[in-house]
Structures are given as C-alpha cells and as structure tokens.
Number of protein chains: 2
Amino acid sequence: MKHPTILDVANEAGVSKSLVSLVMRGSDRVSPSSRKAVLEAAEKLGYRPNAAARTMVRQRSYVIGVMVSNLHNPFFADVIDGIDTAVTDTGYRAILTTGNRLPERERLAVATLLEMRVDGLILASPVFGREVAIEASQTVPTVLVGKAIRAPAVDSVTNDDRRGGEMVVNHLVELGHRRIAHIDGGSGAGARPRRTGYTHAMRRHGLESEIRSVRGNFTEEGGAAGMRSLLTESTRPTAVFVANDLAAIGVLEVLDAEGLDVPGDLSVVGYDNTALAANRRLGLTTVDQPRHDMGRMAAGLILEKIGQDRTTARHVVLPPKLVARESTGPPSDGERS
Amino acid sequence: MKHPTILDVANEAGVSKSLVSLVMRGSDRVSPSSRKAVLEAAEKLGYRPNAAARTMVRQRSYVIGVMVSNLHNPFFADVIDGIDTAVTDTGYRAILTTGNRLPERERLAVATLLEMRVDGLILASPVFGREVAIEASQTVPTVLVGKAIRAPAVDSVTNDDRRGGEMVVNHLVELGHRRIAHIDGGSGAGARPRRTGYTHAMRRHGLESEIRSVRGNFTEEGGAAGMRSLLTESTRPTAVFVANDLAAIGVLEVLDAEGLDVPGDLSVVGYDNTALAANRRLGLTTVDQPRHDMGRMAAGLILEKIGQDRTTARHVVLPPKLVARESTGPPSDGERS
DNA sequence: ATGTCCAATTGGAACGTTCCAACATCGTTC
DNA sequence: GAACGATGTTGGAACGTTCCAATTGGACAT
C-alpha cells in the first residue's frame, strides 16, 4: 500500500476513523486500550499523517514559509538559524525556498509558498519589487528581513542601514581618509539606505566633491567588478565602503591580485559581520548586524500576528555596530591629499 | 474574502467551477471568451490555487523536498543551485528544510517533507542514521547526496571520498611529508570513507606508525578543536588533512593564532573546494567535488524515478580532483624525520 | 427497575481541487 | 430534415483529514 490513511489504520485497529484521528492528535479522551491498538496499527502500517488533507480542513498549515534571496551569503544561514530557534516547539515548522537573487525566480518561490497556504511568510532580503510583498501581505502575515517598505500590513526587521553607512564613513574619516568610494548593492535589500548613509555622511564631513559611488551587487563577483571599475579611473580612492561582506571579499581578491596592499594602499569596509569577515586572514572591518536575532524577531512577529489579528505594521530597527579589524587603517602619506 | 476559491471565481465569471479549473490548468478546449472572463474574475478576486487541495485529488504534489544538513556550509548552496537548475521548467518545485546537523532536528525536517507528500526527497549529507533514509525510500523516491548506503531503493550521488582521501595523502607524501595527521568529520556524510582513504594510503606508503586521527566534525569549530588537541601532543605533525573546507578554515584560524606558519610549519588540506578554499587569502589545498553537478544529478535521478517505476538503486560516484594551492608545501628541514 | 451522568466512541459534513462521463449547441453532410 | 461530429461546458464523486453532534454503554444514585 502506497500511503495508508486514517481509514486503513482504523480497519486494522478495529475502531472508527474518528478515534484514530483523536489518538493522532493526542487527545486525552481516549481509553488506554484503544490508544494502544491504534498506535500499534499505525506503526504496523507505517502511517504518516497527510498534511495536505489536514491543511484543507483546518484552514491552517502550521507552516511558516521563508523565501531566501541568496543561500551563498552566510548572512542568511544565521538568519535562518534564528528563525528555526523561534519556531521550534511552537507547533509550527519552517520551510524554505530560494530565488537566487533573480526577481522572477524569487516571485515563483513566493508563489510556491503561498499556494501551499503557509500561515506566515518571511521574505529574507528579496530583490523583487514591493508589490510582491504587499500582495502577499493581503492574505498572510508577512515580514521582510533586511528591507523595509511602507505598506499597511508588511512588518519588517532591519538594522539601521543608513546609520550603518554613516558609521563607516565616520570611521574612515577619523582614520584620515577623504577619498572614500562606495560600491553599492544595486537592488539588493538595504543597499539604498546604506548608500544614502554614505552620501549624507560624506556631505556632513564636507567631502561632497569626493563622493564616488559605483554600482555593484551583493555577490563576490559584484564587488570585484565594482572594484575593477574603480581602479580604471585616474585617481584612486584611499578607502572603499562595499555594500556587504561578500562583495567586500571580492574586492579584496581584486586588490590582492593587483598587488595592492590593504589597508596600506586602500582601506576596505564591508557590511554584515558574517563569519567570513571575522576570519583572521580576511580581517574585514565591517558593520555588525544581529543576524540571529533578526531571524528570531522576524519569526516572533509572524507568530504574534498569527495569534492576535493585529492590523498595523510593525517595524523593528536594530542598531548597527562598527567592528574595526585589519582591513582599515590610516591612508598612506603619499596618498594624503 | 480571505482566500477565494475556484467556486468564487466561477460565480464571478458566470461559469461552472469545472471551466475555471480547465482555464487554470491551461486547457485548450476552452473558448476564448470564457477564458477571458475567467482570467479577469480570477485577477479581480486575487485567486491563487490551493496546492493542498490539488495534492489531495491528484495524489501528487509536484514538489521535491530537500533536507539540508547545514546551511552554513557553502557546499550546500552550490548543491542547491544544481538542484534548482535541474528542476526548473519540469513542472516540479523544490522546497528546503534544514536540521542544523542535529539528528533529531533532521528527522523532524524530513518528517515535515514526507507529511507534505513531496514527490521526491533529496537528503543532502544527513547525519542521522540510515534507517531514516530507508524508511522514507519506501514511500517516495529518495536520493542521498554526499553519502551512500546499501539499501534497495536509496539512490546516491557522491564523489569517491575514499579515493579523495588517498589523493590527499599522496600529494603530501610527494611533497616529503611523513607525519601526516587527520582531523575527521565525525558522523558527517562522507567522513568515514575519507578517513579510510587516509589510513589506507598511509599504510601503502609504509607510514602506518605515523597514522594519527582525531575526531572533528564538519564545522569551523570542529576543525579548530581538533587542531588544538593535536597541538597539545608531544610531536607535532608536519601536515594535517582536515575532513572538509569549513573545518580546515577553523584549523587555519588556530594555526594563525598560535603564530604557526602555513605551509612552513604545517601544511593543511581541506575537502570540497568551496568558494572559501579558492579565496587567495586562504589558498587552501583541497579536493574538488563537483557540487553543482551533484545537485543536478540528484534531482535528475529523482525525476527519472518519478517517471518510470525503477526499483533498483542507482549510485553515481564522481571522481574527486586534488586542487593544490598555497596551504601545502614541503615540510621545513628541521621537521624532516 | 429507572433515571442520570459521564466517558468513550461514532458517522457525516466540510475543506478546494481534478477528472470523468454526460450534456448542450451548432454546423455539416447525406 | 435527420443524423452525426466536433466543440465547449457541466455536475458529481473522490482525495484524507478535522470537528461536531449524536450515540452507546456503564457506573451510580434513587
């Protein structure tokens, strides 16, 4: 038999399907003898409940869907850990889909989850447009992680990306840098405010004329390409703020390959404080985001929203923290302008 | 209305539910006018098909479930990419769950997928016992990645881990090493055969007395702990073969912290050839596994098995390839025994 | 013996699809 | 003008659960 049902178990145990259902759901109004008979029959037949059927009748799946932008970025591994932590022992389970940073694939990944009738949706740094999140939020509690949008029902958990961008510039200016470039994160989550933070801080330090921002994305290759393009220009910056750690690793690769010294010739700063950045060999100065907590809180918001019927959106903004390591230092004398 | 159904759409469009169903499934025996009416009604109401209901009646979910041992290991990001590639445009979709390298959590992650009635199951390097995979394989096509077991219906895609282990030893012996230690991967997938490869090759080179194997696991911390324990011993090895790249990174951290030079004082080899290993700053000698292809082939096996009713198990074993980088070199003269 | 209460058990309806057999409509052919 | 075929459309049954109201069978009090 391919998949025994509750009816097969009932037959085997000589009871009604309803009683089997009660036993499976752990009811206490079942006699010990019936319970034993049912459990033995279920074991013998290899019964496994059918979630699709349960979802239909209960109008609840007890599943939280998580769409992850890019599994290559260790940032998300931490976020997912946090989600798992929060979800464990609540009766809910988390499942993941991924869209590989491609808007179309991400949309499909979300559609898959919605068709499965997940009870909550966590969108981890999607690159697709706001409308997808907004539409989803009309039928299911939805939380964005790493990105926020203004919409009546879309919660978010972010760090203060703009403030983080400012902190990076402040740090570099304190070290004596003036020619500070930025390789941005393109359409990636949080990329915009980080860039805004960068430009604002530059202006505040009277460095408006030094603002130099090139397009990148949240991948190693994106960072590398951005750096290569910066290197073709006539004047080289003395420091570069890269939109995230992964891209910053790509920048380091390029600089190493070109024989440029970090931080001697050029200081490099990333964003996220992933395990990568902490590695001694990389020693990347970066901005810490509390990744695990962000996952925990996102799941918490979902569970809370499933419980009560809260209608207003909640936006959790966590403080960023600069972590100085070996990839930043004062500009070399020849470079000082 | 929370979730409009096919009936709501039918009412709105003034047709029967069956016709709506036909339109949604893209049938060509529908008049253009009806199709238009139905699509407009669906759009207006925000209709989204209910996968649970479809799964029930079709007895197929058109979903492939993937259980991933550890999302922190970039190895799996590549495998998942491969799976996604193979699955795209087949009408199937992939969903993921993770168990965080904890047997109990992994079991739960698999149970979640089975209850959802996935049409195929890919187990990416599970740490749980063989019985879980065997049981699953009795109701759904099942493929192991990175690990193989002898069972009538459990397919597998692996690289030749044993051969890989031997290649590492050969490489180190060629460089002149004799005191070669191994930090193993504990109960991790493929750890056993890698260790066997190590011991066999050591014996073949007449280095039986130099065999020194300590327990580790597939995490940075596992590798670091293994290395620390090796360093407490009276004689230090001149080279260490670590069970995977992630753990090897942990080893490098410990050696850097202790002020030991790699490869001057100690050569280090990893396994997997993840992006980490290729980084110039880390330059880790390692064994390449074709991760993307492994994912592709795993998904391919599943799809094939869903199609025909193949009953025998298939085991795909791919050849490993040594990739020499900067973390290995000849032992320093003082160390030569 | 009768009635009452409680615990244990039961059948049936419902959830939202798909699929099949049946039906309606209409143009074509003899 | 009857018969036929093709095209488009339809209702009903089924999938495997949950939940509710109803039923059974004791145990106990009267």
Side-chain angles (χ1 to χ4, degrees), chain A residues 1-39 41-42 45-63 91 111-112 114-119 139, chain B residues 1-39 41-42 45-63 91 111-112 114-119 139:
Chain A
M1 183 170 347
K2 188 75 184 184
H3 271 132
T5 74
I6 214 176
L7 272 161
D8 300 315
V9 176
N11 269 334
E12 178 74 25
V15 299
S16 73
K17 66 171 187 8
S18 302
L19 189 54
V20 174
S21 175
L22 284 173
V23 171
M24 288 306 160
R25 283 176 290 136
S27 162
D28 58 353
R29 9 181 35 79
V30 179
S31 72
S33 62
S34 309
R35 161 165 290 116
K36 182 158 169 287
V38 167
L39 291 177
L45 300 180
Y47 171 76
R48 206 180 277 281
N50 183 323
R54 194 193 319 131
T55 298
M56 283 236 64
V57 53
R58 301 196 66 174
Q59 299 287 79
R60 285 253 162 131
S61 60
Y62 294 92
V63 169
T112 301
L114 292 177
E115 291 179 12
M116 288 183 152
R117 295 293 188 267
V118 293
D119 291 341
T139 57
Chain B
M1 183 169 350
K2 188 75 185 184
H3 272 131
T5 73
I6 214 176
L7 272 161
D8 299 315
V9 176
N11 269 335
E12 178 74 24
V15 299
S16 73
K17 65 173 188 4
S18 302
L19 189 54
V20 176
S21 174
L22 284 173
V23 172
M24 290 305 159
R25 282 176 291 137
S27 162
D28 57 354
R29 5 180 41 76
V30 180
S31 72
S33 62
S34 309
R35 160 166 290 117
K36 184 157 168 288
V38 167
L39 290 177
L45 299 181
Y47 171 76
R48 206 180 276 282
N50 183 322
R54 192 192 321 132
T55 299
M56 282 234 66
V57 54
R58 302 195 67 174
Q59 299 286 79
R60 282 253 165 129
S61 59
Y62 294 92
V63 169
T112 301
L114 291 176
E115 291 179 12
M116 290 182 149
R117 296 294 189 266
V118 294
D119 292 340
T139 56

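Throughout, protein chains are lettered first and strands after them, A, B, ... in sequence-line order, and every chain is numbered starting at 1.
At a threshold of 4.0 angstrom between heavy atoms, the contacts of B:Arg58 are confined to the sugar-phosphate backbone, with no base atom among them. The residue A:Ser34 sits close only to the backbone: its heavy atoms come under 4.0 Å of sugar-phosphate atoms, none of a base. Within the 4.0 angstrom heavy-atom criterion, only backbone atoms of the sugar-phosphate kind lie near A:Ser31; the bases stay farther away. The residue B:Ser18 sits close to a base: some heavy atom pair falls under 4.0 Å.
Residue B:Pro32 is the one, among B:Pro32 and A:Ile6, whose nearest nucleotide of DNA chain D lies closer to the 5' end (criterion: closest heavy atom). Each of B:Lys17 and B:Ala53 lies near DNA chain D, and the nucleotide nearest B:Lys17 is the one positioned closer to the 5' end.
Of the candidates D:dT18, D:dG12, C:dT17, the closest approach to any side-chain atom of A:Arg54 belongs to D:dT18. Comparing D:dC15, D:dT10, C:dT10 by their closest approach to the side chain of A:Val15 singles out C:dT10.
At D:dT18, one or more side-chain N or O atoms of A:Arg25 fall inside 4.0 Å of OP1 or OP2 (strictly under the cut-off). The side chain of B:Thr5 places no N or O atom within less than 4.0 Å of a non-bridging phosphate oxygen (OP1 or OP2) of C:dG16. Residue A:Arg117 has no polar side-chain atom (N or O) positioned under 4.0 Å from OP1 or OP2 of C:dC15. Remark: A:Tyr47 is in phosphate contact with D:dT17, judged by side-chain N or O atoms under 4.0 Å from OP1 or OP2. Using a 4.0 Å cut-off, no side-chain N or O of A:Ser16 falls inside it from OP1 or OP2 of C:dT9. Contact annotation: B:Gln59 does not reach the phosphate of C:dT18 (side-chain N/O to OP1 or OP2, under 4.0 Å).
Inter-residue side-chain proximity for B:Pro49 and B:Arg54 is flagged as met; some heavy-atom pair is nearer than 4.5 Å. Here the side chains of B:Asn50 and B:His3 are not in contact, with every heavy-atom distance at 4.5 Å or above.
Residue B:Leu7 contributes atom CG, which lies 12 Å from atom C1' of D:dG12 at whole-angstrom precision. A:Tyr62 places its OH atom 13 Å from the C1' atom of D:dT17, with the value rounded to the nearest Å. If you measure from atom CE of B:Met56 to atom C1' of D:dC15, you get 4 Å, rounded to the nearest angstrom. As a whole-Å value, the separation of A:Leu19 CG from D:dT23 P is 19 Å. Regarding A:Arg35, its CZ atom lies at a distance of 14 Å from the C1' atom of C:dA7, rounded to whole Å. We find that CE of A:Met116 is positioned 18 Å from P of C:dG16, with the value rounded to whole Å. Separating the CG atom of A:Asp28 from the C1' atom of C:dA7 is a distance of 11 Å, rounded to the nearest angstrom. Atoms CE (A:Met24) and P (D:dC19) sit 15 Å apart, rounded to a whole Å.
Pairing each heavy atom of A:Asp119 with each of A:Tyr62, the nearest pair is OD2-N, 2.6 Å. Pairing each heavy atom of B:Ser34 with each of B:Leu19, the nearest pair is CB-CD2, 3.8 Å.
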- Task: Take A:Arg35 and A:Ser31 through the side chain to side chain donor-acceptor pair (under 3.5 Å) test and state the conclusion after the steps.
- Result: CA-CA 6 Å; A:Arg35 161 165 290 116; A:Ser31 72; over 6 Å; no

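Here the side chain of A:Ser61 pairs a donor or acceptor atom with the backbone of A:Arg117 at under 3.5 angstrom.
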